[in-house]
Amino acid sequence: MPKCLAKKRSGGLCQNHAISGRQRCKFHGGMSLKNEFHWNYQGKGYTKEERQRSAEANARIRLLMQMAVDLGMIPKKR
Ligand SMILES: [Zn+2]
């Protein structure tokens with residue numbers, strides 16, 4: 001099992017067991033992810049095209065939902 005390579009304030013390395021496949025233990029960001037893999041990722045790297053596509057998909061879903069409501073398949077929101 002690899003060891004955490006983070007430096008401690010007291011000098012020396014952390015030496016806790018690192019998260020597997022990573023070089024840091026759970027105390028030193030071993031679990032943190034980058035960019036779109038990060039759970040706080042806001043999608044700022046979006047291209048215009050991607051935004052357009054998701055807007056279209058949303059519009060289509062809204063239309064389908066409206067149709068379902070009109071057909072009595074799902075109850076209207078109050
Ligand atoms: Zn560590």
Side-chain angles (χ1 to χ4, degrees):
M1 202 161 181
K3 285 185 174 167
C4 178
L5 300 175
K7 274 184 202 132
K8 290 200 288 189
R9 264 185 229 183
S10 55
L13 300 177
C14 164
Q15 301 278 301
N16 274 324
H17 291 306
I19 302 291
S20 61
R22 291 176 173 274
Q23 295 187 317
R24 296 290 184 270
C25 72
K26 62 184 171 182
F27 301 113
H28 292 114
M31 291 295 273
S32 65
L33 303 169
K34 292 211 170 128
N35 297 329
E36 64 264 46
F37 302 109
H38 197 278
W39 47 86
N40 279 336
Y41 180 64
Q42 298 284 309
K44 276 180 183 156
Y46 257 110
T47 63
K48 244 184 202 171
E49 201 181 303
E50 281 170 325
R51 201 169 305 178
Q52 179 74 27
R53 207 178 305 148
S54 81
E56 274 171 27
N58 278 335
R60 211 167 298 153
I61 287 164
R62 219 172 301 139
L63 188 69
L64 285 171
M65 290 294 283
Q66 188 57 50
M67 280 170 62
V69 169
D70 289 346
L71 293 170
M73 291 166 78
I74 48 177
K76 249 179 212 170
K77 276 186 208 152
R78 270 169 287 166

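Counting starts at 1 for both ligands and their atoms, in listed order.
Met65 places a side-chain heavy atom less than 4.5 Å from the side chain of Ile74. Side-chain contact check for Arg24 versus Leu5: some heavy-atom pair is nearer than 4.5 Å.
Below the 2.8 Å limit, the Zn ion (ligand 1) has as protein N, O or S neighbours Cys4 SG, Cys14 SG, Cys25 SG, His28 ND1.
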Inset, instruction - Start with the C-alpha distance between Lys7 and Leu13, add both sets of side-chain angles, then the distance that settles side-chain contact (heavy atoms from CB on, under 4.5 Å), and finish with yes or no. - result: CA-CA 5 Å; Lys7 274 184 202 132; Leu13 300 177; 3.9 Å; yes

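Within 6.0 Å of CD on Gln23 lie no more than 12 heavy atoms contributed by other residues, nucleotides or ligands.
The shortest heavy-atom contact between Cys25 and Cys4 is N-SG, 3.3 Å. In terms of heavy-atom proximity, Ala6 sits nearest to His28 at CB-CG, 3.4 Å.
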